[in-house]
Amino acid sequence: MRSNLNWAIEFPRCLKVRSNFHDTSKCDRIFVLPRRTVSTSAKYKPTTPPMKQTPKPPDFIIIGAQKGGTTSLYNYLIQHPQIAPAAQKEIHYFDLKFDKSPDWYYAQFPQPQTSENLLTGEASPYYICHPQVPQRIHDLCPKVKIIALLRNPVERAISHYYYYIKIGYESLSLESAIAAEPERLQGEIEKLLANPNYYSYEHQHHSYLTRGIYADQLPAWMKLFPKSQLLILKSEDLYTNPFGTYNSVLKFLELPPHQLQTYEKYNATQYPPISETVYEQLRTYFRSHNQRLAEMCDRDFGWD
């Protein structure tokens, strides 16, 4: 900083340069006054608040089908060292909890730290057949990878029924439940499509046949998501070759292969022998639908 002596000497020099000092504008006067030098260490350093981290959507979603091995596959995946689990396996955001905000959904997944590069995802088996879900997922998570596990619809329907008997969601006999389904579900899909807030208990729980008509469900997913983001698997392949199927999913997710110590069957349903009459009734019902599916996927699922 200049001394007072220097200032006294230099000030007349300033006046000499600008003899009309008192007639100048205030802006001009600013330049006449001497500048103070400030120590570098004392300079004001503004602090920038930390940027809010952009929430990370899931990397994969297992969309179903119910009783098709989704619980087993999800548990295999989260044992991979590069996959982190969600708060729970079934988030059900896009079908049952869509009144909540996207931030609520993102909060169900671990958000990456600076050095992390983990994938995460969920498995909600009602997604595949809910008519509003494909578009909702595409709108919020357009880059997510979709995994569908398709089980022989005859076996799937029977397992579905006996699981609901076990947990108290069904009281009719198997034959009666199958016969009652058209009446139970009458108009429900139309209501789901017309009202985004409508919930159908019957459609979610008593759709033993409807959930197995994959040829009606997959077109919406195929239309919205490219092949690189949609993996369709046979549940029977997961049951008979869990290691190979697990690693085919890892390849789809662009992760290195991994070997588990055991491939436990999760959430398996045990049920008594089924009469051949009921089996044949179900096989007949699904035959044409399975043929449509084979043509759609260019693949014989071998369910007949």
Side-chain angles (χ1 to χ4, degrees), residues 57-78 83 85-98 102 105-106 108-109 119-153 156-157 159-160 163 189 192-193 196 199-200 203-205 207-239 245-246 248-253 266-267 289 293 296-297 299 301:
D59 300 282
F60 66 88
I61 298 177
I62 303 173
I63 59 174
Q66 184 190 30
K67 306 307 297 179
T70 60
T71 304
S72 294
L73 179 59
Y74 186 77
N75 278 280
Y76 301 161
L77 288 173
I78 61 175
I83 296 180
Q88 55 185 336
K89 173 219 169 193
E90 299 184 20
I91 306 298
H92 282 293
Y93 174 66
F94 296 101
D95 49 14
L96 307 182
K97 301 175 184 177
F98 202 61
Y105 182 60
Y106 294 140
Q108 307 309 304
F109 303 96
L119 303 188
T120 187
E122 62 142 323
S124 297
Y126 186 34
Y127 283 170
I128 191 172
C129 64
H130 190 292
Q132 295 271 20
V133 167
Q135 188 65 58
R136 289 173 176 175
I137 291 181
H138 185 266
D139 289 345
L140 191 63
C141 313
K143 300 299 183 182
V144 72
K145 292 196 172 183
I146 303 295
I147 302 167
L149 275 168
L150 308 183
R151 183 181 181 183
N152 182 326
R156 197 221 65 80
S159 180
H160 178 172
Y163 175 64
I189 292 180
L192 286 167
L193 286 168
Y199 167 67
S200 174
H203 186 265
Q204 183 186 4
H205 296 300
S207 48
Y208 307 109
L209 302 177
T210 302
R211 281 181 179 253
I213 308 177
Y214 309 125
D216 286 349
Q217 301 161 18
L218 288 177
W221 299 94
M222 292 177 167
K223 179 181 178 181
L224 292 168
F225 295 93
K227 289 183 178 181
S228 60
Q229 288 178 237
L230 181 58
L231 179 64
I232 299 172
L233 301 169
K234 270 180 64 175
S235 298
E236 291 78 14
D237 291 341
L238 179 67
Y239 303 151
T245 305
Y246 170 51
S248 68
V249 177
L250 294 178
K251 182 178 180 181
F252 172 65
L253 297 177
Y266 292 82
N267 206 24
H289 299 305
L293 177 68
M296 182 182 302
C297 299
R299 174 182 180 183
F301 286 83

Within-4.5 Å side-chain heavy-atom neighbours: [X] and [Y]:
X: Pro85; Y: Tyr74; result: yes
X: Arg151; Y: Tyr239; result: yes
X: Pro57; Y: Lys143; result: no
X: Ser248; Y: Thr245; result: yes
X: Ile232; Y: Tyr214; result: no
X: Asp59; Y: Phe109; result: no
X: Ile128; Y: Leu150; result: yes
X: Leu77; Y: Phe60; result: yes

Nearest 0.5 Å please: distance from the [atom1] atom of [X] over to the [atom2] atom of [Y].
X: Phe98; Y: Tyr105; atom1: CZ; atom2: OH; answer: 10.5 Å
X: Leu73; Y: Ile78; atom1: CG; atom2: CD1; answer: 10.5 Å
X: Gln229; Y: Met222; atom1: CD; atom2: CE; answer: 14.0 Å
X: Phe225; Y: Ile146; atom1: CZ; atom2: CD1; answer: 4.5 Å
X: Leu192; Y: Tyr199; atom1: CG; atom2: OH; answer: 10.0 Å
X: Asn75; Y: Tyr266; atom1: CG; atom2: OH; answer: 4.5 Å

Query raised in the report: Quick one: which of His203, His205, His92 gives a side chain to side chain donor-acceptor pair (under 3.5 Å) with Tyr126?
Result: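 Looking at His203, His205, His92, the match for Tyr126 under the side chain to side chain donor-acceptor pair (under 3.5 Å) is His203.
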Report task. Kindly determine whether Cys297 and Leu218 satisfy side-chain contact (heavy atoms from CB on, under 4.5 Å), including the steps that lead there. Result -> CA-CA 9 Å; Cys297 299; Leu218 288 177; 4.2 Å; yes
**Report entry** Neighbour count >12 (heavy atoms, 6.0 Å) for atom OH, Tyr163
**Finding:**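 Count not over threshold, so no.
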Query - Residues, nucleotides or ligands: over 12 heavy atoms within 6.0 Å of Lys97 NZ - result: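 Atom NZ in Lys97 is crowded, with more than 12 foreign heavy atoms closer than 6.0 Å.
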Given 3.5 Å as the limit, does a donor-acceptor pair link the side chain of [X] with the main chain of [Y], or not?
X: Tyr127; Y: Tyr93; answer: yes
X: Lys234; Y: Asn152; answer: no
X: Thr70; Y: Gly64; answer: no
X: Gln88; Y: Gln108; answer: no
X: Arg211; Y: Ala65; answer: no

Give me the atom names and distance for the closest heavy-atom approach of [X] to [Y].
X: Gly212; Y: Arg156; result: N-NE, 4.1 Å
X: Asp237; Y: Arg299; result: OD2-NH2, 3.4 Å
X: Glu122; Y: Ile91; result: OE1-N, 3.2 Å
X: Ser72; Y: Leu238; result: CB-CD2, 4.5 Å
X: Gly121; Y: Ala86; result: O-CB, 3.6 Å
X: Met296; Y: Pro219; result: CE-CG, 3.7 Å

**Report entry** side-chain contact (heavy atoms from CB on, under 4.5 Å) evaluation trace for Leu209 with Ile213
**Finding:** CA-CA 7 Å; Leu209 302 177; Ile213 308 177; 5.5 Å; no
**Report entry** Derivation of the side-chain contact (heavy atoms from CB on, under 4.5 Å) call for Trp221 and Val133
**Finding:** CA-CA 9 Å; Trp221 299 94; Val133 167; 3.7 Å; yes
Query - Test log, rule side-chain contact (heavy atoms from CB on, under 4.5 Å), inputs Ile63 and Gln217 - result: CA-CA 11 Å; Ile63 59 174; Gln217 301 161 18; over 6 Å; no
